[in-house]
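The next block holds one structure in the form of C-alpha cells; read it before the comments.
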Amino acid sequence: MPVLTVPYADTATALAAALAAGGARCAEVTFRTPQAEQVLKAMAAHGGLTVGAGTVLTPEQAERAVAAGARFVVSPGFDEAVVTKCRELEVPVVPGIATATELMRALRAGVDTVKLFPAEALGGLRTLRALAAPFPQARFLPTGGIGADLLAGYLAEPTVVAVGGSWMATSAHLERGDYEVIRRLTAEAVEGSQP
C-alpha cells in the first residue's frame, strides 16, 4: 500500500492516476501536510483507488479525513479516542503499535488489525514474529523503513495483511513530476505482492 505525503493538492489527480495505472487498489494519504485534506478529496474523486487517511492523531482529524473521502483511517499509535471516533463514523481503523502492551490494549478494544510502526526501527520481521506468536488473532500492517527489497519477506508472513511504504511515490518523485516512475514502482510492488 503506497503511503503518501503529498505537499500540494494539484499533484493529487496525476498521482492517483499513476498509482491506479500501476495496479494499486488502495493508498494512504498522510495528514502531515497543510493540503492533506484537499489531496485526499482529489484522490478519492479519482475513483480508481480506495483512499484512506494516515497519521491521524486525533478524533477531530478522523472526522475531517472521513469528510474529505477517507474510506479507512491509519494512526501511528494506539489512541482509544481515535478508535472510538472511527467506529462512530463507521470507517475501519488501523492503529499503530510498537509493543506487546499496546497490542494487548488494541485487542481488548476489539481491534485485531494493527499497524506495526516503525517496523524496521523496531527490529523488522523478528519483532513482528515475536509479537505474532502469543497473539495469533492479531493481523499486522507493517510500515516504517520498508522498501521494495523487504516487501516479499513481510508478505510471506501469514499474519501480514498488507505492507505500507513510501518508496513508490517519494517527495522527490512528486517534485519532479515522475508519474511514470511512480507507475512503474507501483506495478513492481503489486507484482511482487502476488503469490
Side-chain angles (χ1 to χ4, degrees), residues 1-77 79 82 85-86 89 91-96 115-121 141-151 154 161-193:
M1 177 174 69
V3 177
L4 312 166
T5 301
V6 186
Y8 304 109
D10 61 0
T11 63
T13 301
L15 175 57
L19 293 170
R25 294 187 312 236
C26 65
E28 173 188 327
V29 175
T30 65
F31 262 56
R32 295 183 189 178
T33 67
Q35 294 190 17
E37 286 173 79
Q38 294 92 324
V39 170
L40 190 55
K41 279 182 188 174
M43 291 188 72
H46 177 270
L49 297 168
T50 299
V51 184
T55 319
V56 173
L57 306 177
T58 66
E60 184 265 338
Q61 278 185 328
E63 284 187 79
R64 288 176 24 222
V66 172
R71 303 274 307 277
F72 60 92
V73 169
V74 181
S75 183
D79 184 294
V82 171
K85 177 54 70 177
C86 289
L89 296 168
V91 294
V93 59
V94 182
K115 170 179 172 169
L116 178 62
F117 178 80
E120 279 299 294
L141 168 64
T143 69
I146 300 171
D149 58 326
L150 299 173
L151 181 61
Y154 277 98
V161 296
V163 175
S166 59
W167 79 89
M168 293 164 268
T170 66
S171 350
H173 293 137
L174 294 172
E175 286 170 22
R176 293 190 303 259
D178 285 342
Y179 298 108
E180 176 53 28
V181 172
I182 291 169
R183 185 210 60 76
R184 180 178 53 78
L185 291 172
T186 302
E188 289 170 2
V190 169
E191 184 178 320
S193 70

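Source: prediction; values computed, not measured.
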Residues 7-23 side chain polar contacts: donor-acceptor under 3.5 Å, at least two apart:
unit_1	atom_1	unit_2	atom_2	d
Thr11	OG1	Tyr8	O	2.8

For a quick test of your reading: what N or O donor-acceptor pairs under 3.5 Å do the side chains of residues 38-47 make, sequence neighbours left out?
unit_1	atom_1	unit_2	atom_2	d
His46	ND1	Gly48	N	3.0

Using a 3.5 Å cut-off and no angle test, enumerate the donor-acceptor pairs between side-chain atoms of residues 25-33 and protein atoms at least two apart in sequence or in another chain.
unit_1	atom_1	unit_2	atom_2	d
Thr30	OG1	Leu4	O	3.0
Thr30	OG1	Thr5	OG1	2.9
Arg32	NE	Thr55	OG1	3.2
Thr33	OG1	Val6	O	3.0
Thr33	OG1	Ala36	N	3.4

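What you find for Leu141 and Ala162 is that their closest heavy atoms are CD1-O, 3.3 Å. Here the shortest heavy-atom pairing between Gln61 and Leu57 reads OE1-N, 2.6 Å. Of all the heavy atoms in Ala189 and Met168, the pair that sits closest is CB-SD, 3.7 Å. The heavy-atom pair separating Thr186 from Ile182 by the smallest distance is OG1-O, 2.7 Å. Of all the heavy atoms in Ala53 and Ala70, the pair that sits closest is N-CB, 3.9 Å. Closest heavy-atom contact between Ala24 and Val190: N-CG2, 3.9 Å.
With sequence neighbours left out, the side-chain hydrogen bond (donor to acceptor under 3.5 Å, both in side chains) criterion links Arg184 to Glu188. Among residues two or more places apart in sequence or in another chain, the side-chain hydrogen bond (donor to acceptor under 3.5 Å, both in side chains) test is passed with Glu180 by Arg183. Partners of Arg64 by salt bridge (Lys or Arg N to Asp or Glu O under 4.0 Å), not counting sequence neighbours, listed by chain and number: Glu37, Glu60.
With hydrogens and angles disregarded, no donor-acceptor distance shorter than 3.5 Å links the side chain of Glu191 to the backbone of Ala187. In this structure, Asp79 contributes its side chain and Val82 its backbone to a donor-acceptor pair below 3.5 Å.
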Intermediate values then yes/no, side chain to side chain contact (heavy atoms under 4.5 Å, CB included), Thr58 and Val56 = CA-CA 6 Å; Thr58 66; Val56 173; 5.8 Å; no

task = Would you please test Arg71 and Val91 for side chain to side chain contact (heavy atoms under 4.5 Å, CB included) and show each step?
result = CA-CA 6 Å; Arg71 303 274 307 277; Val91 294; over 6 Å; no

query = After noting the C-alpha distance and the side-chain angles of His173 and Trp167, does the key distance pass the side chain to side chain contact (heavy atoms under 4.5 Å, CB included) rule?
reply = CA-CA 9 Å; His173 293 137; Trp167 79 89; over 6 Å; no

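Here Lys115 contributes atom NZ and Thr143 contributes atom OG1; the two are 3.5 Å apart, rounded to the nearest 0.5 Å. In this structure, Leu116 CG and Tyr154 OH are separated by 7.0 Å, a value rounded to the nearest 0.5 Å.
By the 4.5 Å heavy-atom criterion applied to side chains, Val93 and Phe72 are not counted as neighbours. Val74 places none of its side-chain heavy atoms less than 4.5 Å from the side chain of Pro95.
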